[in-house]
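Counting begins at 1 with the first residue of the sequence.
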Amino acid sequence: MKKLGQMMVVALTTVMVGGVASSTANAAAWHSGTPKALRGNWQRQYHDQGTKIVMHFKVSAKTIHLSRAKSAETSWTNLKYQKVGKNTYKLKGIYKNGELTDNDARLQIVTKNKKLEFKNAWSSKYDYLGWYHK
């Protein structure tokens, strides 16, 4: 009788520990939408041939919009993200800019000191496109 009780405790413990371990989040998994750490309105200013350019980078729960004066708005929709580092995220989705559409678009976004920068690829061959501030 005592052995049966011990076996039941061991079995119950194994099931409980297995259930907890399987419910933890997997950092390598793809999640729908955008990470909360990136959401908000970001802005970048620079000068080009004597003209001040202001770019707006808006991250919402499911989309990203990039806009500036006298240019077609760029957007990313149907987004999924993966956290790949402390402040680094990979995103993939559908890219649209005017008539151009890319159904397999990829972004990499980094945050640092309340700033954000992104690049249109995951490859190290591509450069980030400048810092945006909230």
Self-check item: Exam field: side chain Arg39 to backbone Thr34, donor-acceptor pair closer than 3.5 Å
Solution: yes
Quiz prompt | Lys52 side chain reached by Tyr46 side chain, heavy atoms, under 4.5 Å | solution = no
Quiz item: When rounded to the nearest 0.5 angstrom, what is the spacing between CH2 in Trp76 and NE2 in His65?
Solution: 10.0 Å
Exercise. Mind listing the closest non-hydrogen atom pair of Val54 and Arg68 along with its distance?
Key: O-CB, 3.4 Å
Practice problem: Identify the heavy atoms of Gly33 and Tyr81 that sit nearest to each other, and give their distance. | Solution: O-CD2, 3.3 Å
Could you pull out every donor-acceptor pair under 3.5 Å between side chains of residues 100-119 and any protein atom, sequence neighbours left out?
from	atom 1	to	atom 2	distance (Å)
Asp102	OD1	Asp104	N	3.0
Gln108	NE2	Tyr128	OH	3.0
Lys119	NZ	Ser123	O	2.9

Practice problem: Check whether more than 12 heavy atoms from other residues, nucleotides or ligands sit under 6.0 Å from atom NZ of Lys58, and answer yes or no. | Solution: no
Quiz item: With side chains defined as the heavy atoms from C-beta onward, is the minimum distance between His56 and Tyr132 less than 4.5 Å?
Solution: no
Practice problem: Kindly compute the distance separating CD1 (Ile53) from NZ (Lys70), expressed to the nearest 0.5 Å. | Solution: 8.5 Å
Self-check item: Separation of Ile64 CD1 from Leu66 CG (nearest 0.5 Å)
Solution: 9.5 Å
Practice problem: Could you grab the distance from atom CZ of Phe57 to atom CD of Gln43, nearest 0.5 Å is fine? | Solution: 13.5 Å
Quiz prompt | His47 NE2 to Gln45 CD distance, which is reported to the nearest 0.5 Å | solution = 8.0 Å
Practice problem: For Leu91 and Trp122, work out which heavy atoms get closest and say how close. | Solution: O-NE1, 3.5 Å
Quiz item: How about Trp42 and Val59: do any of their side-chain heavy atoms sit closer than 4.5 Å?
Solution: yes
Quiz item: Does a sphere of radius 6.0 Å around NZ in Lys134 hold more than 12 heavy atoms from other residues, nucleotides or ligands, not counting ones at 6.0 Å or beyond?
Solution: yes
Self-check item: Taking every non-hydrogen atom, the tightest pair across Ala72 and Gly98
Solution: CB-N, 4.1 Å
Quiz item: After noting the C-alpha distance and the side-chain angles of Tyr89 and Val84, does the key distance pass the side chain to side chain contact (heavy atoms under 4.5 Å, CB included) rule?
Solution: CA-CA 6 Å; Tyr89 301 89; Val84 293; 6.0 Å; no
Self-check item: Partners meeting salt bridge (Lys or Arg N to Asp or Glu O under 4.0 Å) with Asp127 (sequence neighbours left out)
Solution: none
Quiz item: Could you give the distance from CD (Gln82) to NE2 (His31), rounded to the nearest 0.5 Å?
Solution: 8.0 Å
